Amino acid sequence: REIELITISCSKALETLEYLEEFIKPGITTKKLDTLAESYITKIGCIPALKNYEGYPATICASVNDTVVHGIPNNYKLKEGDIISIDLSVSYKGYYSDIAKTYPVGNISNDKKELLRRTEESLYLGIEQVKPGNRIGDISNAIENYAKKHNLGIVRELVGHGVGIKIHEDPNIPNYGEKGTGPLLKPGMIIAIEPMLNLGKEDIYLSDDDWTIKTMDELPSAHFEHTVLVTDIGYKILTKR
Ligand code: MF3
Ligand code: CO
């Protein structure tokens, strides 16, 4: 029953992100995207789960260019060549979902294109490790190896996590680690895997607003996240069609 409700929550989160996608164009403010997200989530019978989470002031995280994650929506107008990561979580009847994706705004540089493609690929390589008998470290290691191979900086301070009756549950899922280590994956577990990779170095800092996390070298960063169910034979991505 819980898996069913979390599955519905995940499809609502996906639906919201797909709705927002249409609006990601030069000229729109991140605040406008936030307002659109909030009314849409409410309209489809859910509650924006990030709002007021530990004091977070908005519905989505909107992280542009060198912002890694937790960018607070504001009056910044997207411009051609930007990348924007949108992270959102909804609650449906008390059951949570978590999804994030980085989008290009119009035409972007080849470096940024590659960063997006590689970060998404690292997420899928992590997800492919999800099956009963494997361990969290197998996911972490797959992401780390791929990021290193392509010289991308791995953000270490933030991790994936269990998802369910809270947005963040055990276990932590780092984006680096050793094969065969960490908690064992079992059917019925639901986890969010979310690599954050930097075009430059891995170093990040927390801005004065106490939320926005940016790269130290000011190079762009990407973030892709899916909520995934461990099945009897492998995995099912709940935040995907
Ligand atoms: N959805 C985010 C995650 O991937 C949570 C952001 S926490 C917030 O775990 F406090 F910034 F909302
Ligand atoms: Co998450």
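Side-chain atoms are counted along with the backbone in the values below, which use heavy atoms only and exclude waters and symmetry mates. Atoms within a ligand are numbered from 1 in the order they appear, just like the ligands themselves. Fair warning: this is a prediction, and the values are worked out from it, not measured in the lab.
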query = Without hydrogens or angle criteria, can the side chains of Tyr56 and His70 be said to hold a donor-acceptor pair below 3.5 Å?
reply = no
request  = Would you check if there is a donor-acceptor pair between the side chains of Asn198 and Thr215 at a distance under 3.5 Å?
outcome  = no
ask   = Would you call Glu144 and Lys148 a salt bridge, taking side-chain N to carboxylate O under 4.0 Å as the test?
value = yes
query = Per the side-chain hydrogen bond (donor to acceptor under 3.5 Å, both in side chains) rule, which among Lys112, Glu218, Lys214 passes with Asn65?
reply = Lys112
remark   = With a cut-off of 2.8 Å, strictly less than, protein N/O/S atoms near the Co ion (ligand 2) add up to 4
ask   = Step by step, would you call Lys79 with Asp82 a salt bridge (charged side-chain N to carboxylate O under 4.0 Å, His left out)?
value = CA-CA 6 Å; Lys79 58 179 198 315; Asp82 284 344; 3.3 Å; yes
request  = Answer whether the closest heavy-atom distance between the side chains of Glu21 and Lys101 falls below 4.5 Å.
outcome  = yes
note = Sorted by chain and residue number, the residues with a non-hydrogen atom under 4.0 Å of ligand 1 are Leu50, Tyr53, Tyr56, Cys61, His70, Asp87, Asp98, His161, His168, Glu194, Trp211, Glu225
request  = Keeping to residues at least two apart or across chains, list the side chain to side chain donor-acceptor pair (under 3.5 Å) pairs with something in residues 85-94.
outcome  = Ser85-Thr102
key: Tyr124-His226 aromatic ring centre distance below 6.0 Å   = yes
request  = Applying ring-ring contact (aromatic ring centres under 6.0 Å, His included), name anything that partners Tyr40, two or more places apart in sequence or on another chain.
outcome  = Tyr19
